Amino acid sequence: MFKQYIGWKFTLVAVAVVIIVTTIWFVNNLSEKIQHEETKNVATWVEANRELLQAPDDANLNLAVGIVTTNTTIPLILTDDHGQIIDHRNMDSAKVMNDKEYLPRQLTAFRKQHPPFIMAIDAKTNYYIYYGDSLILKQVRYYPYIQLLVVALFIGIVLFALSSTNRATQNLVWVGMAKETAHQLGTPLSSMEAWLEILKDKEENVAIASELGKDVDRLKLISERFSKIGSVPSLEERNVVEQVANMVAYIRKRAPQKVRFTLQSAEEEVMAMISPALFDWVLENLLKNALDAMEGKGDITVLIENHPAHICIDVTDTGKGIPKSLQDKVFNPGFSTKKRGWGLGLSLAKRIIQDYHKGRLTVKWSEANKGTTFRILLRK
(Lines give C-alpha, C1' and ligand atoms only; values in the text may rest on other atoms or scores of the structure.)
Protein backbone atom coordinates (compact mmCIF):
# COMPACT_ATOMS: atom_id res chain seq x y z
CA MET A 1 0.00 0.00 0.00
CA PHE A 2 2.81 2.40 0.91
CA LYS A 3 4.69 1.74 -2.35
CA GLN A 4 1.44 2.11 -4.30
CA TYR A 5 0.82 5.45 -2.60
CA ILE A 6 4.34 6.65 -3.49
CA GLY A 7 3.80 5.53 -7.10
CA TRP A 8 0.53 7.44 -7.32
CA LYS A 9 2.19 10.53 -5.84
CA PHE A 10 4.98 10.61 -8.40
CA THR A 11 2.53 9.90 -11.22
CA LEU A 12 0.34 12.83 -10.19
CA VAL A 13 3.32 15.15 -9.88
CA ALA A 14 4.65 14.05 -13.28
CA VAL A 15 1.26 14.61 -14.93
CA ALA A 16 0.98 18.01 -13.27
CA VAL A 17 4.44 19.04 -14.51
CA VAL A 18 3.58 17.98 -18.07
CA ILE A 19 0.30 19.90 -17.93
CA ILE A 20 1.93 23.06 -16.57
CA VAL A 21 4.89 23.00 -18.99
CA THR A 22 2.62 22.38 -21.97
CA THR A 23 0.20 25.10 -20.90
CA ILE A 24 2.94 27.67 -20.30
CA TRP A 25 4.48 26.94 -23.70
CA PHE A 26 1.13 27.20 -25.47
CA VAL A 27 0.06 30.34 -23.60
CA ASN A 28 3.40 32.05 -24.21
CA ASN A 29 3.05 31.42 -27.94
CA LEU A 30 -0.55 32.59 -27.88
CA SER A 31 0.26 35.76 -25.91
CA GLU A 32 3.09 36.60 -28.31
CA LYS A 33 0.69 36.31 -31.24
CA ILE A 34 -1.93 38.44 -29.48
CA GLN A 35 0.69 41.06 -28.59
CA HIS A 36 1.91 41.13 -32.18
CA GLU A 37 -1.65 41.67 -33.42
CA GLU A 38 -2.23 44.42 -30.86
CA THR A 39 0.95 46.18 -31.96
CA LYS A 40 -0.28 46.05 -35.57
CA ASN A 41 -3.66 47.39 -34.48
CA VAL A 42 -2.03 50.29 -32.65
CA ALA A 43 0.08 51.06 -35.73
CA THR A 44 -3.08 51.05 -37.86
CA TRP A 45 -4.84 53.28 -35.31
CA VAL A 46 -1.94 55.76 -35.43
CA GLU A 47 -2.04 55.90 -39.22
CA ALA A 48 -5.80 56.40 -39.16
CA ASN A 49 -5.44 59.31 -36.72
CA ARG A 50 -2.70 60.85 -38.85
CA GLU A 51 -4.97 60.63 -41.88
CA LEU A 52 -7.81 62.29 -39.97
CA LEU A 53 -5.55 65.15 -38.88
CA GLN A 54 -3.90 65.70 -42.28
CA ALA A 55 -6.68 64.86 -44.75
CA PRO A 56 -8.22 67.62 -46.91
CA ASP A 57 -11.79 68.73 -46.26
CA ASP A 58 -13.28 66.80 -49.18
CA ALA A 59 -11.56 63.46 -48.34
CA ASN A 60 -13.57 60.32 -47.57
CA LEU A 61 -12.65 59.50 -43.98
CA ASN A 62 -15.14 56.70 -43.26
CA LEU A 63 -12.43 54.02 -43.11
CA ALA A 64 -10.15 56.08 -40.86
CA VAL A 65 -13.03 56.95 -38.54
CA GLY A 66 -14.03 53.30 -38.40
CA ILE A 67 -10.50 52.22 -37.45
CA VAL A 68 -10.21 54.86 -34.75
CA THR A 69 -13.57 54.09 -33.17
CA THR A 70 -13.25 50.29 -33.24
CA ASN A 71 -10.30 50.20 -30.86
CA THR A 72 -12.04 49.64 -27.52
CA THR A 73 -9.62 47.24 -25.82
CA ILE A 74 -6.03 48.49 -26.11
CA PRO A 75 -5.22 51.28 -23.61
CA LEU A 76 -3.50 54.30 -25.20
CA ILE A 77 -1.94 57.55 -23.95
CA LEU A 78 -1.09 60.43 -26.29
CA THR A 79 1.69 62.88 -25.32
CA ASP A 80 3.43 65.85 -26.94
CA ASP A 81 7.16 66.43 -27.47
CA HIS A 82 7.54 67.45 -23.83
CA GLY A 83 5.89 64.34 -22.45
CA GLN A 84 2.68 66.11 -21.45
CA ILE A 85 -0.42 63.94 -21.65
CA ILE A 86 -2.79 65.25 -24.31
CA ASP A 87 -5.34 62.47 -24.59
CA HIS A 88 -6.03 58.86 -23.63
CA ARG A 89 -8.18 55.94 -24.75
CA ASN A 90 -9.63 52.85 -23.06
CA MET A 91 -8.45 53.79 -19.57
CA ASP A 92 -10.34 53.29 -16.29
CA SER A 93 -12.55 56.41 -16.31
CA ALA A 94 -13.29 56.25 -12.58
CA LYS A 95 -9.58 56.21 -11.71
CA VAL A 96 -8.88 59.00 -14.21
CA MET A 97 -11.49 61.17 -12.51
CA ASN A 98 -10.54 60.40 -8.90
CA ASP A 99 -6.77 59.85 -9.03
CA LYS A 100 -4.59 62.56 -10.57
CA GLU A 101 -1.56 60.28 -10.54
CA TYR A 102 -3.29 57.42 -12.32
CA LEU A 103 -2.45 58.50 -15.89
CA PRO A 104 1.20 59.41 -15.11
CA ARG A 105 1.68 56.00 -13.45
CA GLN A 106 0.16 54.24 -16.43
CA LEU A 107 2.32 56.28 -18.81
CA THR A 108 5.45 55.19 -16.92
CA ALA A 109 4.31 51.58 -17.13
CA PHE A 110 3.51 51.83 -20.85
CA ARG A 111 6.96 53.27 -21.57
CA LYS A 112 8.50 50.15 -20.01
CA GLN A 113 6.25 47.76 -21.92
CA HIS A 114 6.49 49.00 -25.51
CA PRO A 115 8.34 51.62 -27.56
CA PRO A 116 6.00 54.49 -28.60
CA PHE A 117 4.61 55.22 -32.05
CA ILE A 118 5.55 58.68 -33.31
CA MET A 119 2.88 60.56 -35.21
CA ALA A 120 4.20 63.61 -37.08
CA ILE A 121 1.58 66.35 -37.32
CA ASP A 122 3.76 68.88 -39.15
CA ALA A 123 7.44 69.72 -39.49
CA LYS A 124 7.63 70.98 -35.90
CA THR A 125 5.05 68.87 -34.05
CA ASN A 126 5.19 65.21 -33.10
CA TYR A 127 2.75 63.22 -31.01
CA TYR A 128 3.82 60.09 -29.11
CA ILE A 129 1.40 57.22 -28.66
CA TYR A 130 2.17 54.89 -25.77
CA TYR A 131 0.13 51.73 -25.31
CA GLY A 132 -0.25 48.91 -22.84
CA ASP A 133 -1.52 45.35 -22.91
CA SER A 134 -5.24 44.78 -23.29
CA LEU A 135 -7.25 43.05 -20.61
CA ILE A 136 -7.54 39.93 -22.77
CA LEU A 137 -3.75 39.72 -23.17
CA LYS A 138 -3.27 40.10 -19.41
CA GLN A 139 -5.78 37.35 -18.72
CA VAL A 140 -4.03 35.04 -21.17
CA ARG A 141 -0.67 35.69 -19.52
CA TYR A 142 -1.99 35.07 -16.00
CA TYR A 143 -3.87 31.94 -17.02
CA PRO A 144 -0.94 29.48 -16.48
CA TYR A 145 -0.44 30.72 -12.92
CA ILE A 146 -4.12 30.34 -12.15
CA GLN A 147 -4.02 26.88 -13.67
CA LEU A 148 -0.91 26.06 -11.63
CA LEU A 149 -2.77 27.02 -8.47
CA VAL A 150 -5.79 24.91 -9.45
CA VAL A 151 -3.65 21.89 -10.37
CA ALA A 152 -1.63 22.21 -7.15
CA LEU A 153 -4.85 22.39 -5.15
CA PHE A 154 -6.24 19.36 -6.98
CA ILE A 155 -3.05 17.33 -6.40
CA GLY A 156 -3.02 18.37 -2.76
CA ILE A 157 -6.60 17.17 -2.30
CA VAL A 158 -5.90 13.88 -4.09
CA LEU A 159 -2.70 13.23 -2.10
CA PHE A 160 -4.50 14.04 1.14
CA ALA A 161 -7.29 11.64 0.20
CA LEU A 162 -4.79 8.91 -0.71
CA SER A 163 -2.84 9.51 2.49
CA SER A 164 -6.01 9.39 4.59
CA THR A 165 -7.12 6.20 2.86
CA ASN A 166 -3.69 4.67 3.35
CA ARG A 167 -3.66 5.56 7.06
CA ALA A 168 -7.20 4.28 7.52
CA THR A 169 -6.31 0.99 5.85
CA GLN A 170 -3.19 0.61 7.97
CA ASN A 171 -5.17 1.37 11.11
CA LEU A 172 -7.70 -1.29 10.22
CA VAL A 173 -4.90 -3.81 9.68
CA TRP A 174 -3.26 -2.88 12.99
CA VAL A 175 -6.51 -3.07 14.93
CA GLY A 176 -7.62 -6.30 13.29
CA MET A 177 -4.27 -7.99 13.88
CA ALA A 178 -4.08 -6.79 17.49
CA LYS A 179 -7.64 -7.84 18.34
CA GLU A 180 -7.18 -11.24 16.75
CA THR A 181 -3.89 -11.78 18.60
CA ALA A 182 -5.53 -10.87 21.93
CA HIS A 183 -8.40 -13.23 21.15
CA GLN A 184 -6.09 -16.11 20.22
CA LEU A 185 -4.06 -15.63 23.42
CA GLY A 186 -7.16 -15.65 25.59
CA THR A 187 -8.02 -19.37 25.32
CA PRO A 188 -4.58 -20.87 26.13
CA LEU A 189 -4.12 -18.34 28.95
CA SER A 190 -7.33 -19.48 30.60
CA SER A 191 -6.18 -23.09 30.39
CA MET A 192 -2.74 -22.25 31.76
CA GLU A 193 -4.27 -20.43 34.74
CA ALA A 194 -6.38 -23.49 35.49
CA TRP A 195 -3.34 -25.78 35.33
CA LEU A 196 -1.46 -23.43 37.66
CA GLU A 197 -4.18 -23.76 40.28
CA ILE A 198 -3.90 -27.52 40.02
CA LEU A 199 -0.10 -27.35 40.41
CA LYS A 200 -0.42 -25.15 43.53
CA ASP A 201 -2.46 -27.85 45.27
CA LYS A 202 0.74 -29.85 45.77
CA GLU A 203 3.36 -28.27 47.99
CA GLU A 204 6.32 -29.57 45.97
CA ASN A 205 5.04 -27.68 42.90
CA VAL A 206 4.69 -24.26 44.57
CA ALA A 207 8.09 -22.95 43.34
CA ILE A 208 7.44 -24.10 39.79
CA ALA A 209 3.91 -22.69 39.86
CA SER A 210 5.25 -19.35 41.07
CA GLU A 211 7.67 -19.04 38.15
CA LEU A 212 5.07 -20.21 35.65
CA GLY A 213 2.65 -17.68 37.16
CA LYS A 214 5.06 -14.85 36.33
CA ASP A 215 5.16 -15.97 32.71
CA VAL A 216 1.38 -16.26 32.61
CA ASP A 217 1.06 -12.75 34.04
CA ARG A 218 3.44 -11.54 31.38
CA LEU A 219 1.36 -13.15 28.65
CA LYS A 220 -1.78 -11.62 30.16
CA LEU A 221 -0.12 -8.20 30.03
CA ILE A 222 0.78 -8.72 26.37
CA SER A 223 -2.79 -9.81 25.63
CA GLU A 224 -4.10 -6.72 27.43
CA ARG A 225 -1.86 -4.47 25.34
CA PHE A 226 -3.10 -5.98 22.10
CA SER A 227 -6.72 -5.71 23.21
CA LYS A 228 -6.32 -1.97 23.85
CA ILE A 229 -5.25 -1.25 20.26
CA GLY A 230 -8.14 0.34 18.41
CA SER A 231 -10.10 1.03 21.59
CA VAL A 232 -10.74 4.42 23.14
CA PRO A 233 -7.63 5.02 25.27
CA SER A 234 -8.13 4.99 29.02
CA LEU A 235 -5.49 7.35 30.39
CA GLU A 236 -4.50 7.46 34.03
CA GLU A 237 -2.39 9.97 35.93
CA ARG A 238 0.83 8.15 36.73
CA ASN A 239 4.32 8.98 37.91
CA VAL A 240 6.35 8.70 34.72
CA VAL A 241 9.64 8.34 36.63
CA GLU A 242 8.30 5.33 38.51
CA GLN A 243 6.77 3.86 35.36
CA VAL A 244 10.06 4.15 33.47
CA ALA A 245 12.08 2.85 36.43
CA ASN A 246 9.94 -0.30 36.63
CA MET A 247 10.41 -1.04 32.95
CA VAL A 248 14.15 -0.38 33.10
CA ALA A 249 14.39 -2.79 36.05
CA TYR A 250 12.42 -5.42 34.13
CA ILE A 251 14.68 -5.17 31.06
CA ARG A 252 17.86 -5.03 33.20
CA LYS A 253 17.11 -8.48 34.65
CA ARG A 254 16.91 -9.92 31.15
CA ALA A 255 19.86 -8.06 29.63
CA PRO A 256 23.50 -9.28 29.32
CA GLN A 257 25.72 -8.39 32.27
CA LYS A 258 27.96 -6.16 30.13
CA VAL A 259 25.07 -3.77 29.44
CA ARG A 260 24.84 -0.90 31.93
CA PHE A 261 21.53 0.89 32.55
CA THR A 262 21.25 4.47 33.85
CA LEU A 263 18.06 6.35 34.71
CA GLN A 264 18.42 10.11 35.14
CA SER A 265 15.73 12.48 36.43
CA ALA A 266 16.03 15.72 38.40
CA GLU A 267 12.66 14.98 40.04
CA GLU A 268 11.40 11.81 41.70
CA GLU A 269 7.80 12.46 40.71
CA VAL A 270 6.73 13.64 37.25
CA MET A 271 3.02 13.15 36.68
CA ALA A 272 1.38 12.64 33.29
CA MET A 273 -1.75 11.09 31.79
CA ILE A 274 -0.79 7.77 30.23
CA SER A 275 -2.12 4.33 29.42
CA PRO A 276 0.22 2.27 31.64
CA ALA A 277 0.07 -0.96 29.64
CA LEU A 278 0.59 0.73 26.27
CA PHE A 279 3.21 3.16 27.59
CA ASP A 280 5.20 0.24 29.04
CA TRP A 281 4.98 -1.44 25.65
CA VAL A 282 6.62 1.58 23.99
CA LEU A 283 9.41 1.70 26.60
CA GLU A 284 9.99 -2.02 26.34
CA ASN A 285 10.24 -1.79 22.57
CA LEU A 286 12.76 1.07 22.69
CA LEU A 287 14.89 -0.63 25.35
CA LYS A 288 14.91 -3.95 23.48
CA ASN A 289 15.88 -2.18 20.27
CA ALA A 290 18.73 -0.54 22.16
CA LEU A 291 19.88 -3.95 23.43
CA ASP A 292 19.79 -5.39 19.91
CA ALA A 293 21.81 -2.43 18.57
CA MET A 294 24.61 -2.92 21.14
CA GLU A 295 25.03 -6.68 20.60
CA GLY A 296 25.64 -7.59 24.24
CA LYS A 297 27.65 -4.69 25.68
CA GLY A 298 27.41 -0.94 26.13
CA ASP A 299 25.37 1.69 27.92
CA ILE A 300 21.66 2.50 27.87
CA THR A 301 20.69 5.83 29.40
CA VAL A 302 17.13 7.01 30.00
CA LEU A 303 16.85 10.74 30.69
CA ILE A 304 13.57 12.26 31.93
CA GLU A 305 13.14 16.05 31.79
CA ASN A 306 10.11 17.89 33.16
CA HIS A 307 9.21 20.98 31.14
CA PRO A 308 6.31 23.41 31.69
CA ALA A 309 4.26 22.12 28.75
CA HIS A 310 5.62 18.62 28.17
CA ILE A 311 7.71 15.74 29.49
CA CYS A 312 10.76 14.66 27.53
CA ILE A 313 12.06 11.07 27.73
CA ASP A 314 15.30 10.26 25.87
CA VAL A 315 16.40 6.65 25.43
CA THR A 316 20.06 6.59 24.37
CA ASP A 317 22.23 3.58 23.52
CA THR A 318 25.86 3.19 22.47
CA GLY A 319 25.08 0.77 19.68
CA LYS A 320 25.74 0.70 15.95
CA GLY A 321 23.47 3.66 15.15
CA ILE A 322 21.06 4.26 12.29
CA PRO A 323 22.31 5.59 8.92
CA LYS A 324 20.89 9.01 8.01
CA SER A 325 19.34 7.55 4.87
CA LEU A 326 17.23 5.20 7.02
CA GLN A 327 16.26 7.48 9.92
CA ASP A 328 13.09 8.66 8.15
CA LYS A 329 12.06 5.06 7.44
CA VAL A 330 12.44 3.38 10.85
CA PHE A 331 8.81 4.12 11.75
CA ASN A 332 7.39 2.77 8.48
CA PRO A 333 5.41 -0.48 8.83
CA GLY A 334 7.44 -3.45 7.62
CA PHE A 335 10.81 -1.69 7.78
CA SER A 336 13.44 -3.53 9.83
CA THR A 337 17.24 -3.81 9.89
CA LYS A 338 17.02 -7.17 11.67
CA LYS A 339 17.14 -10.39 9.71
CA ARG A 340 14.17 -11.80 11.66
CA GLY A 341 12.44 -8.49 12.37
CA TRP A 342 8.88 -7.83 11.28
CA GLY A 343 9.29 -4.06 11.26
CA LEU A 344 6.21 -3.50 13.42
CA GLY A 345 7.62 -2.50 16.82
CA LEU A 346 8.68 1.11 16.20
CA SER A 347 5.72 1.76 13.92
CA LEU A 348 3.31 0.57 16.59
CA ALA A 349 5.20 2.45 19.31
CA LYS A 350 4.88 5.69 17.36
CA ARG A 351 1.17 5.13 16.88
CA ILE A 352 0.69 4.53 20.60
CA ILE A 353 2.49 7.76 21.54
CA GLN A 354 0.98 9.82 18.74
CA ASP A 355 -2.61 8.55 18.55
CA TYR A 356 -3.29 7.50 22.14
CA HIS A 357 -1.11 9.93 24.12
CA LYS A 358 -1.14 12.85 21.62
CA GLY A 359 2.64 13.05 21.90
CA ARG A 360 5.60 12.48 19.60
CA LEU A 361 8.19 9.74 19.09
CA THR A 362 11.21 10.69 16.98
CA VAL A 363 14.84 9.85 16.31
CA LYS A 364 16.56 12.73 18.09
CA TRP A 365 20.11 11.71 17.18
CA SER A 366 21.97 8.82 15.65
CA GLU A 367 25.51 8.31 14.41
CA ALA A 368 27.16 5.24 12.95
CA ASN A 369 29.04 3.17 15.57
CA LYS A 370 28.27 5.72 18.30
CA GLY A 371 24.62 5.17 19.15
CA THR A 372 21.07 6.41 18.86
CA THR A 373 18.67 8.52 20.89
CA PHE A 374 14.92 8.06 20.60
CA ARG A 375 12.85 10.88 22.10
CA ILE A 376 9.35 10.66 23.55
CA LEU A 377 7.44 13.90 24.10
CA LEU A 378 4.36 13.68 26.32
CA ARG A 379 1.86 16.47 26.88
CA LYS A 380 1.21 17.43 30.47
Side-chain angles (χ1 to χ4, degrees), residues 1-3 5-6 159-160 162-179 181-182 221-222 224-235 238 240 243-244 247-248 251 272-293 300 302-305 307 309-317 319 321-338 341-366 371-380:
M1 178 64 70
F2 179 74
K3 291 182 178 179
Y5 166 69
I6 295 295
L159 290 179
F160 177 77
L162 288 174
S163 177
S164 299
T165 302
N166 185 47
R167 285 197 301 269
T169 302
Q170 288 183 0
N171 287 335
L172 289 175
V173 172
W174 282 118
V175 172
M177 182 183 68
K179 295 291 186 183
T181 302
L221 177 61
I222 294 172
E224 180 187 0
R225 290 173 178 174
F226 277 117
S227 67
K228 289 181 180 294
I229 301 298
S231 304
V232 178
S234 177
L235 303 182
R238 291 292 185 95
V240 174
Q243 201 77 22
V244 174
M247 183 51 62
V248 170
I251 297 296
M273 298 297 294
I274 62 173
S275 171
L278 294 180
F279 185 72
D280 284 351
W281 195 354
V282 173
L283 289 174
E284 182 180 350
N285 195 283
L286 294 180
L287 292 171
K288 284 184 175 180
N289 276 352
L291 285 174
D292 292 339
I300 296 178
V302 182
L303 174 63
I304 303 174
E305 294 180 339
H307 297 277
H310 63 271
I311 299 168
C312 179
I313 305 170
D314 288 343
V315 180
T316 304
D317 63 65
I322 305 171
K324 289 185 178 180
S325 59
L326 300 180
Q327 290 180 18
D328 293 336
K329 301 178 181 179
V330 294
F331 296 110
N332 291 342
F335 179 83
S336 176
T337 58
K338 306 173 188 176
W342 285 18
L344 300 178
L346 285 176
S347 177
L348 189 55
K350 185 171 185 177
R351 287 175 179 270
I352 290 172
I353 295 297
Q354 181 175 298
D355 297 343
Y356 291 90
H357 295 84
K358 306 305 177 184
R360 293 180 61 194
L361 174 59
T362 59
V363 179
K364 177 190 174 185
W365 164 85
S366 187
T372 301
T373 297
F374 282 93
R375 167 164 286 184
I376 300 174
L377 289 179
L378 293 177
R379 291 182 180 181
K380 297 182 71 173

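Worth knowing before you read on, the calculation uses all heavy atoms, side chains too, and leaves out hydrogens, waters and symmetry mates. Not measured: the values here are computed from a predicted model.
Note: C312 SG to I304 CD1 = 10.0 Å, rounded to the nearest 0.5 Å. Residue I353 holds its CD1 atom at 12.5 Å from CZ of R379, rounded to the nearest 0.5 Å. The distance from the OG atom of S275 to the CZ atom of R238 is 9.0 Å, given to the nearest 0.5 Å. Taken from CG in D355 to NZ in K350, the straight-line distance is 10.0 Å, to the nearest 0.5 Å. Atom CD in Q327 sits 10.0 Å away from atom CH2 in W365 (nearest 0.5 Å). Atoms CG and CZ, from L283 and F279 in turn, are 4.5 Å apart once rounded to the nearest 0.5 Å.
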request  = Please test I274 against Y356 for side chain to side chain contact (heavy atoms under 4.5 Å, CB included), starting from the C-alpha separation and ending with a verdict.
outcome  = CA-CA 8 Å; I274 62 173; Y356 291 90; over 6 Å; no
task = List the steps and the verdict of side chain to side chain contact (heavy atoms under 4.5 Å, CB included) for H310 and L378.
result = CA-CA 5 Å; H310 63 271; L378 293 177; over 6 Å; no
Verdict with supporting geometry, R375 and L377, side chain to side chain contact (heavy atoms under 4.5 Å, CB included) = CA-CA 7 Å; R375 167 164 286 184; L377 289 179; 4.1 Å; yes
message = Is there a side chain to side chain contact (heavy atoms under 4.5 Å, CB included) between I311 and E305? Walk through the geometry before answering.
response = CA-CA 6 Å; I311 299 168; E305 294 180 339; over 6 Å; no
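Looking at N289 and D317, their side chains never come closer than 4.5 Å, going by heavy atoms from C-beta outward. The side-chain heavy atoms of D314 and I376, taken from C-beta on, include no pair separated by under 4.5 Å. At a threshold of 4.5 Å between non-hydrogen side-chain atoms, the residues I300 and V248 do not count as touching. Proximity of L286 to L346: side-chain heavy atoms (C-beta onward) are separated by under 4.5 Å at one or more points. Within the 4.5 Å cutoff, the side chain of I251 has heavy atoms near those of the E284 side chain. Side-chain contact between Q354 and L361 is absent, with no heavy-atom pair separated by less than 4.5 Å. For the pair V363 and F374, the minimum side-chain heavy-atom distance is below 4.5 Å. With a 4.5 Å cut-off on side-chain heavy atoms, Q243 and D280 count as touching.
Across all non-hydrogen atoms, the minimal contact from V240 to A272 is CG2-CB, 3.6 Å.
S366 places a side-chain N or O within 3.5 Å of a backbone atom of I322 that can act as its donor or acceptor partner.
Taking a 6.0 Å sphere around NZ of K324, one finds it holds 12 or fewer heavy atoms contributed by other residues, nucleotides or ligands.
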